[in-house]
Amino acid sequence: MSFQLLYVSLVSSLLVGATVAQSSEQHPPLTTWKCTTSGGCVQQNTSVVLDKDSKYAQGTAGSRTTDDYAAMGVSTSDDAVTLYHYVKSGSTLNPASPRIYLLDANGEYVMMDLLNQELSVDVDYSAVPCGENGAFYLSEMKADGGGASDGAAAGQGYCDAQCQGYCCNEMDILEANAKATAMTPHPCAGDNCDKAGCGYNPYASGQRSLWATGGTVDTSKPFTAVTQFAGSGTLTQITRVYIQDGKQTTGGTLSSCNDGMGGLAGMGQALGRGMVLAMSIWNDPTQQMSWLDAGNNGPCNIAESTPSNIQSQYPDTHVVFSNIRWGDIGSTTQG
């Protein structure tokens with residue numbers, strides 16, 4: 001697809017059914033579901049909002065338009081959201097690298113209470129090369145965005161365990177490209193956060209063909225990732241299951257973390273209070289994402305993973321997240 005056609009298609013898809021929350025921002029709708037074992041899955045009236053600092057959006061946070069979302073590489077269609085890293089503007093290829101959050105019908109962030117619950121998502125990483133990261137994760141942001149102007153509806157209030165914005169608990173459900181993935185809790189004790197985290201990377205654990213192009217989980221095709229947070233009252237383990245072409249594959253379990261910074265128990269407390277779903281696509285000029293996909297962590301090399309090489313060789317790089325469901329363990333993939 002040409003970049004001109006890409007830009008047109010992004011704008012066109014956003015013009016259909018864009019919703020307006022409490023601010024004047026036009027939030028692209030994204031259907032999600034909340035599930036229970038007894039009642040099945042109930043459709044939610046949700047949408048997405050760009051982070052307040054989205055440099056290629058012309059409008060100010062709280063009043064951005066469908067064109068601004070297109071300029072930032074964000075497109076939704078029914079239950080799917082696509083994030084493009086690069087977007088053509090005239091003769092320039094802008095590194096948009098969008099980050100978005102899930103909003104409820106009242107213009108506040110959806111607070112996912114996931115202790116003793118699960119979160120599932122269909123993903124397509126086929127166009128995410130070495131050095132790129134399509135991230136799907138949770139942050140303990142405030143539901144209203146922290147009281148800033150226009151609040152959550154303007155993408156305000158970001159925080160994470162790296163202390164961007166401010167320090168808060170972070171649970172990385174998927175940090176991934178087509179070659180490698182990691183599932184990483186980053187608990188915090190006050191402002192003392194486990195920045196490195198205690199993640200599970202199947203390649204680093206010796207399962208080098210579990211997540212790969214043509215692998216057990218074939219990243220050249222879409223699949224479902226289910227993350228289960230088991231424990232009644234206290235989080236005891238985090239388990240990953242993949243479903244592709246009707247086949248279920250166990251993707252790893254975490255049963256301990258850095259207790260000095262809250263550990264799994266602290267992560268579970270944050271999950272019980274409710275966390276905000278964030279999605280992004282980005283690359284890494286400092287480490288070339290080697291912590292995710294190079295050396296012992298994956299099959300990639302530094303030269304192919306530089307932002308300049310990605311922009312030159314993979315200008316169409318994008319990730320698709322769809323069919324987002326959360327609720328009782330075992331309920332999100334029933335039927």
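Basis for what follows: all heavy atoms, side chains included, without hydrogens, waters or symmetry-related copies.
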Next on the checklist: Once ring-ring contact (aromatic ring centres under 6.0 Å, His included) is applied, do any residues pair with Y125, and if so which ones, sequence neighbours excluded?
Outcome noted: W211
Checklist entry - T317 and side chain to side chain contact (heavy atoms under 4.5 Å, CB included): which partner among L83, N177, I281? => result I281
Next on the checklist: Other residues, nucleotides and ligands only: do more than 12 of their heavy atoms fall within 6.0 Å of CG on D113?
Outcome noted: yes
Checklist entry - For Y84 and A96, which heavy atoms make the closest approach, and how far apart are they? => result O-CB, 4.4 Å
Item to check | Value rounded to 0.5 Å, distance of NZ in K34 from SG in C41 | outcome: 12.0 Å
Item to check | Beyond-backbone contact of T46 with W33, side-chain heavy atoms, under 4.5 angstrom | outcome: no
Checklist entry - Does the side chain of T60 pick up a donor-acceptor pair with the side chain of S63 at under 3.5 Å? => result yes
Checklist entry - Under the 6.0 Å and 45° cation-pi test, does R240 pair with Y200? => result no
Checklist outcome for this item: Scanning both residues in full, the closest heavy-atom pair of A152 with G107 reads CB-O, 3.6 Å
Checklist outcome for this item: Paired with F223, the side chain to side chain contact (heavy atoms under 4.5 Å, CB included) test is passed by just one of V121, T249, I243, V123, namely V123
Checklist entry - For the side chain of E170 and the backbone of P187, is there at least one donor-acceptor N/O pair under 3.5 Å apart? => result no
Next on the checklist: If we count only N and O atoms by modelled type, under 3.5 Å, do the side chains of D124 and S126 hold a donor and an acceptor together?
Outcome noted: yes
Checklist entry - With no hydrogens and no angle check, do the side chains of E304 and N301 hold a donor and an acceptor under 3.5 Å apart? => result yes
Checklist entry - Between T92 and N94, does any side-chain donor sit less than 3.5 Å from a side-chain acceptor? => result no
Checklist entry - Are D150 and Q156 linked by a side-chain donor-acceptor pair shorter than 3.5 Å? => result no
Item to check | Distance-only side-chain donor-acceptor flag, D160 / Q164, under 3.5 Å | outcome: yes
